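Treat the numbers as computed from the prediction; the structure is a model and nothing was measured.
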Amino acid sequence: MIRFIQTLILALCAFHTAAFAGADVITDDAGIVEPVSNAFAHGDGVLKNFEPSAKKTFSLDFGPELIQLKGLYLEKHSQDSAPIEFLDPPSSPALGRYFDLFATSSQFGGKLVGESELAYSTLGLPAAPQDQPIMTRLGLKGIWGKVGYGLSYRSFDAGFVSTTGTKVEHARDEKQLWTEYDLGLFRVRGVTGETSEENKLTNSLTLTKSAGTSVHLNKAKWSASLSSTYSVIGEEEAIGQNAAGWTHGLLLVFRPAGFFTIEPKLDFRKEWDGISGLETNTPSAALMLSTAPSRNFRWVGRASYAKGVSDDPLKDAATLHTGTSLNWSIGRSFFGEQSLAIQFDYRTESRPDLPESSLANLTGMIHFKVAGF
């Protein structure tokens, strides 16, 4: 059945032109739930040199609240990719595709909402022959009075690339069950979940089981979230030898103006090895600033610092990550539409007891595009 679904997605991607030509309702935003988002992910630079060359969405309704189907198709071309000699033709640019189908059905006045999603994505990264870049998701959620509840299952195959550019290196399954209660001034949520990741290179399966609770407070000018999570990480067969840890976090969001946002975040993680019992404490802090004074201009600056202190000196480490990005749609000129994107990222990791393994990495990108001439 899974093979059939994957084949169907590939066929839909190949014949997307005919499929979208028959859509009855075209919308600007398909409302697709975006998978895999992480502002500090190591792979988030994948799409920096890409601009969408084709985007199509559609929305279909099958009866009032019976089922709603939405779709999104993206094509992105790399403008600075070096041609590979053995490709035919050798001058063809790298092509990335993202296709997403999202279906939802609401029953009993929103007390039970079913969701399903199926996505295929390469987005400019050539998939390995053994990879099947597909994501599937199933979920149920609802609200009954002041109580919210839901469960979800999401599966990623190796090679899947999200719209943020993060590539899934290993096949991963995620399960989650949550419930929350609205107390008016704030919301309290409890969640439990399990993540399994398969590394085909080492033929190992890593399981992460977690349970946590969080409190959310939302005001017009600011919001806050306080969370605490307990997790156990280890190999499937290594019973009693797993690593465990607590993570406590505080996230604040200040909106002093409609176009400016300040997001400070504090985290503290305490973990211990299941075999040796040695503990590692890692406090971290992060700050993100973003502003969008107009729809054509957006700037984001971010910085994070984490310091690990362990009973095992080999695990002592400090990590600093800073970055800034600017996206500016300059406007139309004699030559066509002009846009400018600038991004710089700096990451350094130091280990006092292993100075030879300390790393520092600086990356930058300036992309000026003229289209339509």
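Judged as a side-chain hydrogen bond (donor to acceptor under 3.5 Å, both in side chains), and not counting sequence neighbours, the contacts of S225 are H216. Residues that satisfy the salt bridge (charged side-chain N to carboxylate O under 4.0 Å, His left out) test with E279, not counting sequence neighbours, are K270.
Each of V300 and L320 belongs to its own hydrophobic cluster when Ile, Leu, Val, Met, Phe, Trp and Tyr are linked at side-chain heavy-atom distances under 4.5 angstrom. V191 and Y181 fall into different hydrophobic clusters, where Ile, Leu, Val, Met, Phe, Trp and Tyr side chains are chained together by heavy-atom contacts under 4.5 Å. At a threshold of 4.5 Å between side-chain heavy atoms, the hydrophobic network of Ile, Leu, Val, Met, Phe, Trp and Tyr places Y153 and L118 in two separate groups. Hydrophobic clustering, with ILVMFWY side chains joined whenever heavy atoms are under 4.5 angstrom apart, groups W272 together with V232. I330 and I342 fall within a single hydrophobic cluster, where Ile, Leu, Val, Met, Phe, Trp and Tyr side chains are chained together by heavy-atom contacts under 4.5 Å.
With no hydrogens or angles considered, a side-chain donor-acceptor pair links D173 and S155 at under 3.5 Å. Side-chain atoms of Q107 and S105 form a donor-acceptor pair, as typed in the model, at a separation below 3.5 Å. For S231 and S210, the side-chain atoms include no donor-acceptor pair closer than 3.5 Å. No donor-acceptor contact under 3.5 angstrom links the side chains of T261 and R255, judged on distance only. T324 and W299 form a side-chain donor-acceptor contact under 3.5 Å, judged by distance and modelled atom types alone.
Distance check, rounded to the nearest 0.5 Å: CZ of R298 to OG of S329 gives 14.5 Å. Atom CG of N281 is separated from atom CH2 of W246 by 14.5 Å, given to the nearest 0.5 angstrom. In this structure, OG on S196 lies 6.5 Å from CD on E194, to the nearest 0.5 angstrom. The distance from atom CH2 of W328 to atom OG of S339, rounded to the nearest 0.5 Å, is 11.0 Å. Atom CZ in F156 sits 11.0 Å away from atom CD in E197 (nearest 0.5 Å). The NZ atom of K175 sits 9.5 Å away from atom NZ of K209, with the distance rounded to the nearest 0.5 Å.
Across all their heavy atoms, S284 and A306 have their closest contact at CB-CB, 3.7 Å. In terms of heavy atoms, F160 sits closest to S121 at CE1-CB, 3.6 Å. Closest of all the heavy-atom pairs between G114 and L140 is CA-CD2, 3.7 Å. Taking each heavy atom of E169 and A158 in turn, the nearest pair found is O-CB, 3.7 Å. When all heavy atoms of Y346 and A360 are compared, the pair lying nearest together is OH-CB, 4.2 Å. Contact detail for A285 and L266: the closest heavy-atom pair is CB-CD2, 3.7 Å.
Inter-residue side-chain proximity for T104 and V113 is flagged as met; some heavy-atom pair is nearer than 4.5 Å. In this structure the side chain of L185 reaches within 4.5 angstrom of the side chain of K219, judged on heavy atoms. Side-chain contact between Y120 and Y73: absent, with no pair of heavy atoms (C-beta onward) separated by less than 4.5 Å. Looking at T206 and N199, their side chains never come closer than 4.5 Å, going by heavy atoms from C-beta outward. W178 has its side chain out of reach of S152: every pair of non-hydrogen atoms, C-beta onward, lies at least 4.5 Å apart. Considering only heavy atoms from C-beta on, Y149 comes within 4.5 Å of K111 through its side chain. Side-chain atoms of K70 and Q68, non-hydrogen and from C-beta on, do get closer than 4.5 Å to each other. Residues L217 and W222 are in side-chain contact: their nearest non-hydrogen atoms beyond the backbone lie under 4.5 Å apart.
Within a 6.0 Å sphere centred on NZ of K141, other residues, nucleotides and ligands contribute 12 heavy atoms or fewer. The environment of CD1 in I143 is sparse: at most 12 heavy-atom neighbours from other residues, nucleotides or ligands sit within 6.0 Å.
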Test log, rule side-chain hydrogen bond (donor to acceptor under 3.5 Å, both in side chains), inputs S227 and S214
CA-CA 4 Å; S227 61; S214 59; over 6 Å; no
Go through the steps for L138 and L151 under the test side chain to side chain contact (heavy atoms under 4.5 Å, CB included), then give the verdict.
CA-CA 9 Å; L138 297 174; L151 58 89; over 6 Å; no
Determine, step by step, whether V188 and F186 satisfy the side chain to side chain contact (heavy atoms under 4.5 Å, CB included) criterion, reporting the C-alpha distance in whole Å, the side-chain angles of both residues, the deciding distance to 0.1 Å, and the verdict.
CA-CA 7 Å; V188 180; F186 54 87; 3.8 Å; yes
Walk me through it: do F99 and L101 pass the test side chain to side chain contact (heavy atoms under 4.5 Å, CB included)?
CA-CA 7 Å; F99 180 79; L101 280 177; 3.7 Å; yes
Verify side chain to side chain contact (heavy atoms under 4.5 Å, CB included) between F297 and L326, making sure each step is shown before the conclusion.
CA-CA 8 Å; F297 183 90; L326 181 148; 3.7 Å; yes
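Not a single donor-acceptor pair under 3.5 Å links the side chain of T280 to the backbone N or O of D311. Here the side chain of T319 pairs no donor or acceptor atom with the backbone of E349 at under 3.5 angstrom. Not a single donor-acceptor pair under 3.5 Å links the side chain of N327 to the backbone N or O of A341. Using a distance-only test at 3.5 Å, with no hydrogens or angles considered, no donor-acceptor pair links the side chain of T192 to the main chain of Q176.
Taking a cutoff of 4.0 Å between a charged side-chain nitrogen and a carboxylate oxygen, E263 and K265 do not qualify as a salt bridge. Under 4.0 Å is where a charged nitrogen must lie from a carboxylate oxygen, and between D345 and R347 no such pair does.
Remark: of the listed residues L287, V253, L252, L287 is the sole one forming a side-chain contact (heavy atoms from CB on, under 4.5 Å) with I262.
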